[in-house]
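The structure appears below as structure tokens.
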Amino acid sequence: MRGWRKAPYTFLRGAGRVLELAGRASIYLAIGTLRLADLRTAIAHSWDELGPGDDDVSSLMPWEQRLYARFLKTADRILLVGSGAGRDLVGLLKLGYRVEGLDVASRAVAHSRHMLDKERLTAELHTGAIEAVELPGSFDAFIFSWCCYSYIPQLATRVGVLRKVKAQLNPGGRILISYIPAERPPRLLANRLTRFAGHITRSDWRSEPGDVVVASGDWRGIHYEHRFSPSDFENEAGAAGLRVVFHERGEVGAAVLIV
Ligand SMILES: C[S@@+](CC[C@H](N)C(=O)[O-])C[C@H]1O[C@@H](n2cnc3c(N)ncnc32)[C@H](O)[C@@H]1O
């Protein structure tokens with residue numbers, strides 16, 4: 001390409017990059033203007049929209065098999081939080097565990113009912129967000145299924161959830177949690193923009209370090225997750241008065257907490 005022809009290309013390419021960054025920044029700002037109730041609606045909607053997919057395969061992943069074999073007893077009464085379309089619920093029932101399911105996404109719960117029928121299995125299923133539902137009694141073990149804990153926005157709410165399940169834990173009970181490990185480098189600018197918009201519009205939540213929020217389509221297309229460093233996770237457990245007795249730091253963070 002001749003030298004004079006490169007100039008408009010370089011200019012327009014640069015302008016495109018600036019517009020792209022401005023577009024991304026305005027999405028982070030837009031997310032910050034949402035109310036917490038809208039964010040929660042979007043989270044439930046995103047899981048409902050995801051549909052069953054591979055959840056039709058009712059088997060436990062190797063890290064789940066190892067964790068459950070080590071920390072669950074067949075006599076335990078277990079609540080699987082984030083039981084979704086039934087993958088791990090069916091997997092646990094097939095191994096003989098006494099499990100009940102809870103999920104915020106009603107279509108996923110309906111699908112898990114269908115999965116149970118197909119497998120000729122039975123389990124109590126509850127619909128609602130763990131932070132909002134009245135827990136159906138006390139349990140020997142709570143499992144936060146496949147990173148479900150990472151989908152609860154706001155540190156104070158997550159600590160409140162841990163305190164809530166702790167209060168319903170039978171003596172000798174355990175809380176099994178998996179989480180999404182922190183990314184490097186963290187998205188500091190995205191967090192700051194979202195927090196700034198929340199502050200200006202007096203929204204009732206603030207983006208926190210570790211939050212990753214991705215938007216596609218309208219506001220209900222938002223995907224939220226919170227990513228943890230191992231020490232962030234242990235601090236949250238400690239804030240709820242729980243002790244970490246096992247902590248595996250793999251592609252999925254997995255931990256067991258006790259009172
Ligand atoms: C990664 S999926 C796991 C689904 C299924 N248990 C599996 O492992 O295939 C996470 C699930 O957590 C549920 N979830 C997210 N936030 C929740 C909350 N606050 N309370 C209850 N369930 C929640 C979602 O609806 C979704 O079904």
Side-chain angles (χ1 to χ4, degrees), residues 36-68 72 78-95 97 99-116 119 121 123-136 139 141-165 168 175-181 205 211-214 220-228 236 251-254:
L36 187 55
D38 296 330
L39 181 66
R40 290 198 172 122
T41 304
I43 292 170
H45 179 79
S46 72
W47 287 110
D48 256 341
E49 284 300 293
L50 204 62
D54 288 344
D55 287 352
D56 273 331
V57 181
S58 56
S59 60
L60 298 176
M61 291 178 265
W63 66 267
E64 292 174 317
Q65 287 172 19
R66 285 195 307 273
L67 190 70
Y68 301 159
L72 296 179
I78 303 165
L79 184 66
L80 181 67
V81 181
S83 49
R87 177 193 64 85
D88 42 353
L89 179 73
V90 169
L92 283 161
L93 287 166
K94 279 184 174 170
L95 289 174
Y97 291 110
V99 202
E100 296 172 35
L102 167 77
D103 203 283
V104 69
S106 53
R107 272 171 60 189
V109 174
H111 186 82
S112 67
R113 256 195 199 104
H114 169 73
M115 288 267 285
L116 291 179
E119 300 283 348
L121 293 165
E124 288 281 328
L125 296 176
H126 314 276
T127 307
I130 181 66
E131 56 271 42
V133 291
E134 191 179 328
L135 291 173
F139 291 84
F142 288 91
I143 302 175
F144 286 77
S145 165
W146 199 12
C147 302
C148 171
Y149 188 71
S150 272
Y151 305 127
I152 304 170
Q154 303 288 266
L155 182 147
T157 308
R158 287 190 300 273
V159 172
V161 163
L162 290 182
R163 288 205 180 108
K164 176 176 174 173
V165 299
Q168 296 300 115
I175 303 170
L176 281 58
I177 293 191
S178 53
Y179 64 84
I180 308 174
W205 73 287
D211 282 357
V212 176
V213 195
V214 183
R220 284 173 312 165
I222 282 173
H223 174 82
Y224 168 93
E225 62 191 42
H226 184 84
R227 297 178 168 233
F228 294 88
E236 277 194 25
E251 273 177 37
V252 171

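Each residue takes its place number in the sequence, starting with 1. Counting starts at 1 for both ligands and their atoms, following the listed order.
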Less than 4.5 Å apart, any side-chain heavy atom of [X] and any of [Y]?
{"X": "Ile175", "Y": "Phe144", "result": "yes"}
{"X": "Leu92", "Y": "Leu72", "result": "yes"}
{"X": "Tyr68", "Y": "Leu95", "result": "no"}

Problem set entry | Leu79 and His126: CA distance, side-chain angles, deciding distance, side-chain contact (heavy atoms from CB on, under 4.5 Å) verdict | CA-CA 10 Å; Leu79 184 66; His126 314 276; 4.1 Å; yes
For this session: Give the intermediate values and the outcome of side-chain contact (heavy atoms from CB on, under 4.5 Å) for residues Leu125 and Leu116.
Result: CA-CA 10 Å; Leu125 296 176; Leu116 291 179; 4.0 Å; yes
For [X], counting its heavy atoms only, list the atoms of ligand 1 lying under 4.0 Å from any of them.
{"X": "Ser145", "answer": "3 (C), 5 (C), 6 (N), 8 (O)"}
{"X": "Asp88", "answer": "5 (C), 6 (N), 7 (C), 8 (O)"}
{"X": "Arg87", "answer": "7 (C), 8 (O), 9 (O)"}
{"X": "Trp146", "answer": "1 (C), 7 (C), 8 (O), 9 (O)"}
{"X": "Glu131", "answer": "18 (C), 19 (N)"}

Exercise. Quick one: do Glu49 and Arg107 make a salt bridge, cutoff under 4.0 Å?
Worked result: yes
Exercise. Considering only heavy atoms, which of Val81, Val133, Val104, Asp48 lies nearest to atom 14 (N) of ligand 1?
Worked result: Val104
Problem set entry | contact_flag Ala85 ligand 1 heavy-atom lt 4.0 Å | no
For this session: Just do the side-chain contact (heavy atoms from CB on, under 4.5 Å) check on Val99 and Asp88 with the steps written out, would you?
Result: CA-CA 10 Å; Val99 202; Asp88 42 353; over 6 Å; no
Problem set entry | Asp103, any N or O under 3.5 Å of ligand 1 N or O | yes
Problem set entry | N or O pair under 3.5 Å between Trp47 and ligand 1 | no
For this session: Quick one: look at Ser83 and ligand 1, take heavy-atom pairs under 4.0 Å, and tell me if it's side chain, backbone, both or neither.
Result: backbone
For this session: Just let me know how Ala108 lines up against ligand 1, side chain, backbone, both or neither, with a heavy-atom cut-off below 4.0 Å.
Result: neither
Exercise. How are the rings of His223 and Tyr151 set to each other: parallel, tilted or perpendicular (split at 30° and 60°)?
Worked result: perpendicular
